[in-house]
Number of protein chains: 2
Amino acid sequence: MSGKRPTLADVANRAGTSTAVVSYVLNNGPRPVSDLLRAKVMSALDDLDYRPDGRARALRRPRRWRQIGLLVPDLTLPLFGEFVGRIEVEARARDHLTLIGNTGYDPERELEFATAFAEVGVDGLLVVGAANAPQTANLCRRERIPVVWMHNIRGAVEADIIGVDHVSAGELIAGHLRDVHNCRDVAFVGGVTAADVRHGDRETVQQRLEGVASVVGQDLPIIRTDLTPSGAYGAVSAILREGGPPSRALVVGTYGQTAATIRAVADAGLRIPDDVRIVGFDGAATDYGRPRLTTVQQPVDVLARAALGRLLGENPSTRGQFVPTLRVGETCGCVVSTPPG
Amino acid sequence: MSGKRPTLADVANRAGTSTAVVSYVLNNGPRPVSDLLRAKVMSALDDLDYRPDGRARALRRPRRWRQIGLLVPDLTLPLFGEFVGRIEVEARARDHLTLIGNTGYDPERELEFATAFAEVGVDGLLVVGAANAPQTANLCRRERIPVVWMHNIRGAVEADIIGVDHVSAGELIAGHLRDVHNCRDVAFVGGVTAADVRHGDRETVQQRLEGVASVVGQDLPIIRTDLTPSGAYGAVSAILREGGPPSRALVVGTYGQTAATIRAVADAGLRIPDDVRIVGFDGAATDYGRPRLTTVQQPVDVLARAALGRLLGENPSTRGQFVPTLRVGETCGCVVSTPPG
DNA sequence: TTGAAAGCGCTAACAT
DNA sequence: ATGTTAGCGCTTTCAA
């Protein structure tokens with residue numbers, strides 16, 4: 001009838017009995033119910049399409065599970081998929097279920113999610129790639145729910161964050177090109193101004209660029225694009241059309257743009273790594289691509305464990321800055337003989 | 001201290017006031033509180049490290065958000081990442097938040113999750129790639145929470161499921177090889193017996209094989225592997241070592257094994273597609289790989305919308321069987337000129 | 001075998 | 001400005 005969901009009392013009424021009996025029927029106990037009454041209750045249940053309210057139920061029952069909220073920019077990117085997977089596992093190990101949200105790097109959406117999570121009563125919030133840190137932090141302070149930031153964070157000052165040092169990731173990969181391949185002729189592919197990108201992991205790219213620049217020089221060429229694969233494809237293709245490879249090596253600022261860059265270079269008739277070396281960030285843990293990508297990786301499992309430890313307060317003194325590692329493939333010019341796996 | 005979490009009453013006690021006042025300071029209203037008392041309450045809050053109980057709170061507040069549970073086999077696979085992303089969006093559009101769980105195709109874990117979700121009170125459960133359908137279905141019936149199955153389902157009879165027809169997916173791709181490339185000399189890469197795989201999407205692979213076989217003949221060679229990339233790499237490499245390509249084309253049963261197969265073929269010194277054509281399933285929506293993969297795709301957004309419509313009861317009559325589409329790349333032997341994007 | 005009623009932790013009338 | 005108290009929807013004890 002009314003827009004309200006039926007409650008136990010409604011069912012009891014309709015079945016001409018008490019809420020206790022309805023509860024017994026629903027839970028198969030703890031007291032027995034006569035077949036006649038049980039049948040009546042069952043049909044009342046069905047007539048009303050009754051569904052128990054989990055919150056009320058959890059309030060009475062000794063509850064095992066609590067919840068955390070997890071905000072991620074984009075679930076379709078493999079890196080973030082890995083994050084979610086690992087975090088969910090760590091959370092479950094601590095009797096917490098994981099509520100998930102796709103922010104798409106949208107500050108408003110991030111805040112809406114945080115509000116929604118607060119409303120259903122999460123016991124902690126994990127934000128991977130924050131887009132609206134100040135407001136989200138504020139909300140959490142008001143609601144007294146702990147937050148931990150991961151990966152990167154936009155617009156925050158105070159916050160400590162758990163993630164890798166993106167600057168040293170940039171140094172790492174540029175150092176490899178310089179030390180192993182004696183290559184300093186490097187260009188950076190990535191969007192770096194707010195004008196280039198409305199939403200996206202601008203800061204991370206900027207920090208990676210910083211790291212690369214500190215190794216190969218501040219004047220390295222930058223191929224400006226937004227943060228989309230097609231943007232990178234277009235920008236790199238354009239540069240190549242305008243006359244030859246700009247550099248002997250390309251460092252691509254985001255994972256999603258790496259394959260597009262490879263494609264653009266190949267479509268222009270250049271060979272990888274013979275004509276152009278290509279390296280990037282956040283490659284998948286096992287790579288069967290061809291040629292195999294050289295990237296800097298994040299230790300996702302370590303990060304996830306640290307984040308949950310801090311969020312749930314068992315580990316308040318963890319250091320938040322972790323070091324990325326180089327995974328050598330073939331696109332940088334190395335020769336890799338071991339089969340992947 | 002006791003192991004119990006402090007409640008509002010505890011805080012009120014310690015601050016020498018009432019629960020109402022504590023509630024007022026927590027929520028900034030609806031009544032004002034004197035600065036003195038407010039300060040007392042605040043420090044009591046901090047002393048006890050009070051955290052509100054979301055369930056109790058949600059019970060009183062007019063609640064907007066409800067929750068659904070979403071079970072996925074493996075979040076690190078792009079296909080499932082896409083599923084989760086789309087489903088979360090559709091759920092949110094209906095004022096539902098999404099609780100997520102990684103089953104790893106493990107029947108026990110699936111059931112544990114379902115139990116946990118029931119305990120926190122979800123209003124619906126979406127299972128992508130069920131591993132334990134009968135028991136999960138049972139649980140949901142008992143708890144009166146609606147379930148919708150997606151993608152595929154193991155061991156169920158009654159259930160209707162929302163997903164693509166994997167058999168016709170197999171037909172589609174084998175048909176392309178036959179009709180466009182005049183190629184019937186096809187082998188199938190995939191694990192098909194329970195002995196090969198403990199966990200994994202065995203049934204889906206089996207159905208795809210069925211489709212392929214119905215086009216190219218029931219006697220097609222099958223390269224048996226478990227469902228891991230490294231398994232495929234090993235199996236394909238072994239076959240190639242034993243003397244030449246077994247077939248002019250390879251259909252790979254799972255997405256995760258496709259790149260590994262390509263790698264194995266390339267490492268054996270064969271060219272794709274000149275020596276061996278390779279096609280697969282569930283490629284990412286945009287593919288910048290090189291060569292570009294020819295795959296059969298699932299219309300993830302359509303599936304997600306249909307699933308939520310059915311789960312939340314707005315759309316009980318949707319047909320559950322959807323048709324996959326062929327996305328032509330280069331690994332089958334086609335020549336694709338349009339830049340991707 | 002059934003029903004009445006006491007809470008779970010919180011919010012917000014309704015009283016002071 | 002503060003305290004008292006009636007519920008939210010449910011489980012379960014206690015009484016019948």
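These figures come from a predicted structure and were not determined experimentally. Here is how names work: the chains are called A, B, and so on, in the same order as the sequence lines, proteins then strands, and each is numbered from 1.
- Of the possible donor and acceptor atoms, none in the side chain of B:Arg57 sits under 3.5 Å from a partner among the backbone N and O of B:Pro52.
- Mapping A:Ala20 and B:Ser18 onto DNA chain D via the closest heavy atom, the residue that lands nearer the 5' end is B:Ser18.
- Distances were taken from every side-chain heavy atom of B:Val21 (C-beta onward) to each of D:dC10, C:dA5, D:dT2; the shortest belongs to D:dT2.
- Atom C1' of nucleotide C:dA13 and atom CG of B:Asn27 are separated by 15 Å, given to the nearest angstrom.
- Listed candidates were C:dA12, D:dT2, D:dT11. Nearest to the side chain of A:Ser23 is D:dT11.
- Judged by atom type and distance alone, A:Arg60 reaches the base of C:dG7 through a side-chain donor-acceptor pair under 3.5 Å.
- The shortest distance between the side-chain N/O atoms of A:Arg57 and the OP1/OP2 oxygens of D:dT11 is below 4.0 Å.
- Between A:Thr19 and D:dT11 there is no side-chain N or O to OP1 or OP2 distance below 4.0 Å.
- The only option from B:Glu88, B:Glu90, B:Glu82 that meets the salt bridge (charged side-chain N to carboxylate O under 4.0 Å, His left out) definition with B:Arg86 turns out to be B:Glu90.
- For the pair A:Thr7 and D:dG9, the criterion of a side-chain N or O lying under 4.0 Å from OP1 or OP2 is not met.
- Considering only side-chain atoms of B:Pro32, the nucleotide from D:dA1, D:dT12, D:dT2 that sits closest is D:dA1.
- Residue B:Leu26 is out of contact with every strand shown, counting any heavy-atom pair closer than 4.0 Å.
- Listed for the B:Asn27 side chain is no donor-acceptor partner under 3.5 Å among the backbone atoms of B:Tyr24.
- Side-chain proximity of B:Asp53 to the nucleotides C:dG9, C:dT11, D:dT11 is greatest for C:dG9.
- To the nearest angstrom, P of D:dA1 lies 14 Å from CG of B:Asn28.
- Atom C1' of nucleotide C:dA6 and atom CG of A:Leu59 are separated by 13 Å, given to the nearest angstrom.
- Phosphate contact (OP1/OP2 of D:dT13, side-chain N/O of A:Tyr24, threshold under 4.0 Å): absent.
- Just one residue in the list A:Leu71, A:Leu70, A:Ile68 forms a side chain to side chain contact (heavy atoms under 4.5 Å, CB included) with A:Leu125, and that residue is A:Leu71.
- One can place CD of B:Glu143 at 19 Å from P of D:dG9, the figure rounded to the nearest angstrom.
- Side-chain N/O atoms of B:Gln135 and B:Glu110 include no donor and acceptor closer than 3.5 Å.
- One interatomic measurement links the two molecules: CZ of A:Arg31 to C1' of C:dG3, which rounds to 13 Å at whole-angstrom precision.
- Remark: C1' of C:dG9 and CG of B:Asn13 are 14 Å apart, rounded to the nearest angstrom.
- The CZ atom of B:Arg51 sits 16 Å away from the C1' atom of C:dC10 (whole-angstrom rounding).
- Atom-to-atom, CG of B:Leu8 to P of D:dG7 comes out at 19 Å; the value is rounded to the nearest Å.
- Checking B:Pro6 against A:Ser34, the closest nucleotide of DNA chain C that is more toward the 5' end is the one next to A:Ser34.
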